[in-house]
There are 2 protein chains.
Amino acid sequence: MQDTAQKPAPERAYEAVIAKIRVMIEEKNLGPGDTLPPERQLAEIFNVSRHSLREAIRVLQEKGVLSARQGSGNYIQSATRGDLMRTLAVTTNTGSRRALEIFQLREIMEPQLAALAAEMGEARHIEMLEAILDKQGQTSDGIELRKLDHEFHETLAAATGNATLYELAQNINRSLLPPKTKIYDNRERQVISLEGHKRIVDAIKNKDVEGAKAEMRAHIARVKSTVF
Amino acid sequence: MQDTAQKPAPERAYEAVIAKIRVMIEEKNLGPGDTLPPERQLAEIFNVSRHSLREAIRVLQEKGVLSARQGSGNYIQSATRGDLMRTLAVTTNTGSRRALEIFQLREIMEPQLAALAAEMGEARHIEMLEAILDKQGQTSDGIELRKLDHEFHETLAAATGNATLYELAQNINRSLLPPKTKIYDNRERQVISLEGHKRIVDAIKNKDVEGAKAEMRAHIARVKSTVF
DNA sequence: CTTATTGAATTGGTTGCACCAATATTGACT
DNA sequence: AGTCAATATTGGTGCAACCAATTCAATAAG
């Protein structure tokens, strides 16, 4: 067991602090130029160590929400209150949650990529997809299969004819699964993956736009359930 | 005197550490899934306290470069070279073909962002959206309106609660329209934009998931037709 | 010999305190 | 009043200890 295991995601101290700072900014109606209370005092108020407090401040600094002046104070930076609130509205996502976020992005994009591929797909793209399916059926090496899975989804994006979508798909894939993960060592997953890919390619070959979308949606759902 | 004058900006310890970590990743040719040396050891190597080292690691975490697992280690998430947003960040504005591609990306994503916002949207997000509508109705300055349009779509992405989607939306917006574009000087477009936004917010307020999706789709279609 | 178990060692998470460095404030002196 | 030096305040850094989750190896059980 060494997936990208997802635990209940315990909230880190600095994350709680960021949330509290956001509330404070809203309640005290602070805007650009205003200063936060001193760190020692904030740590006291929020009941955390100054270290944890400073982690939160660093993050907000790096996001452009705050700026620190040694000897003076921490100042609210964002150009407008709108920028400030928007940034604070989504703040903070630790590694594990990020994986879920990227998965959500994938759920949004991939079914429509499949649909577009079915609509636009040229012969050469379909051939490439089928070649990948072949290889996928002939190996059982986990590393190789993960690679082929990436290839499949990227090729599908390429089949849309939209270079931007292709590049984005590449980055999504590579962000989602670290190369060494062994989730493909599981025989059951191998079958699920291959079956799903086959159905998708079939739909694309038949130029079945809605079918391709549905199959991809189902495929992602299945993969997701085996991962989490 | 309260002038905003900034000194030569003395480099903070954590900034130096971030740079050194990046160099280390490069030199040791580390990729996603690999782990960094333990914090105590890194602090020793870089000659800083663990506190400063951890500030650096936190920042890299928030940027999605690292992910931490207590009891295990700090893992490289996405290589510095292959950041998720790179695609759109770099390319900004290369011909009309690119513009069309990004528009297509927008057609794929935004309706689902609206749907998610309707499903997840908290009160504060809806308030922000309505505040933007107000401003939009009160000005007719082209530059200002373009800015508000961006704010609207970015706030909507923020309302999904997914920071990755928010970042992506930011990049899409900025890639699609150069800051100076005056397409909002056209009175007709102003009306179309405001009307569309209102309908979308209404649907979100009513938690009408399908309605939000449909309204956004229609909105994008209208905007597209006025642009091309 | 293989598989569980358990307990020590490792590693990130948090806290507290002390001290440094830059800035702000006070107050004595002219 | 104005100047300027002493003092207090505030962010920046370091050290050391302890907590909590994980890893890993020694050991016991089958």
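Protein chains get the first letters and strands the later ones, always in sequence-line order, with residue 1 at the start of each.
Distance, A/Leu36 CG to D/dT10 C1': 13 Å, rounded to whole Å. Per the geometry, OH belonging to B/Tyr14 stands 9 Å off P belonging to D/dT13, to the nearest Å. Between B/Arg69 atom CZ and C/dG12 atom C1' the separation is 12 Å, expressed in whole Å. Here the P atom of nucleotide C/dG13 and the NE2 atom of B/His51 are 14 Å apart, to the nearest Å. Rounded to a whole Å, the CD atom of B/Glu11 is 14 Å from the C1' atom of D/dT13. Nucleotide D/dT13 holds its C1' atom 13 Å from the CG atom of B/Leu53, rounded to whole Å. Atom CG of A/Leu66 and atom P of D/dT10 are 17 Å apart (whole Å).
Put simply, B/Arg50 has no side-chain N or O that comes within less than 4.0 Å of OP1 or OP2 on D/dA16. Proximity of A/Ser52 to the phosphate of C/dT15: a side-chain N or O atom is located under 4.0 Å from OP1 or OP2. Under 4.0 angstrom from either OP1 or OP2 of C/dT11 there lies no side-chain N or O belonging to B/Ser72. Look at B/Ser49 and you'll find a side-chain N or O under 4.0 angstrom from OP1 or OP2 of D/dG14. The phosphate of D/dT10 has neither OP1 nor OP2 within less than 4.0 Å of any side-chain N or O from A/Asn74.
Atom CG of B/Leu168 and atom CG of A/Leu168 lie 5.5 Å apart (nearest 0.5 Å). For the atom pair B/Glu127 CD and A/Met85 CE, the distance stands at 10.5 Å (nearest 0.5 Å). Here the CD1-CD distance, from A/Ile220 to A/Glu215, works out to 12.0 Å after rounding to the nearest 0.5 Å.
Set against C/dG12, C/dT14, D/dG11, the side chain of A/Glu55 has C/dT14 as its closest nucleotide. Of the candidates C/dT23, D/dG14, D/dG12, D/dG12 carries the atom nearest the A/Gln70 side chain, counting heavy atoms from C-beta on. Distances were taken from every side-chain heavy atom of B/Arg58 (C-beta onward) to each of C/dG13, C/dT15, D/dG14; the shortest belongs to C/dG13.
Inspection of the A/Gln61 and A/Ser67 side chains reveals no N or O donor paired with an N or O acceptor under 3.5 Å. Side-chain polar atoms of B/Thr139 and B/Glu144 form no donor-acceptor pair below 3.5 angstrom. Remark: the A/Glu101 side chain and the B/Tyr166 side chain contain no N/O donor-acceptor pair separated by less than 3.5 Å.
Residue contacts for A/Arg54: at a heavy-atom cut-off of 4.0 Å it reaches a base atom on one of the strands shown.
Between B/Leu60 and B/Arg22, some side-chain heavy-atom pair lies under the 4.5 Å cut-off.
Of the two residues contacting DNA chain C, namely A/Val48 and B/Arg12, the nearest-nucleotide position lying further toward the 5' end is that of A/Val48.
Near DNA chain C, defined here as any heavy-atom distance below 4.0 Å, the residues from residues 37-47 of chain B are B/Pro38, B/Glu39, B/Arg40, listed numerically.
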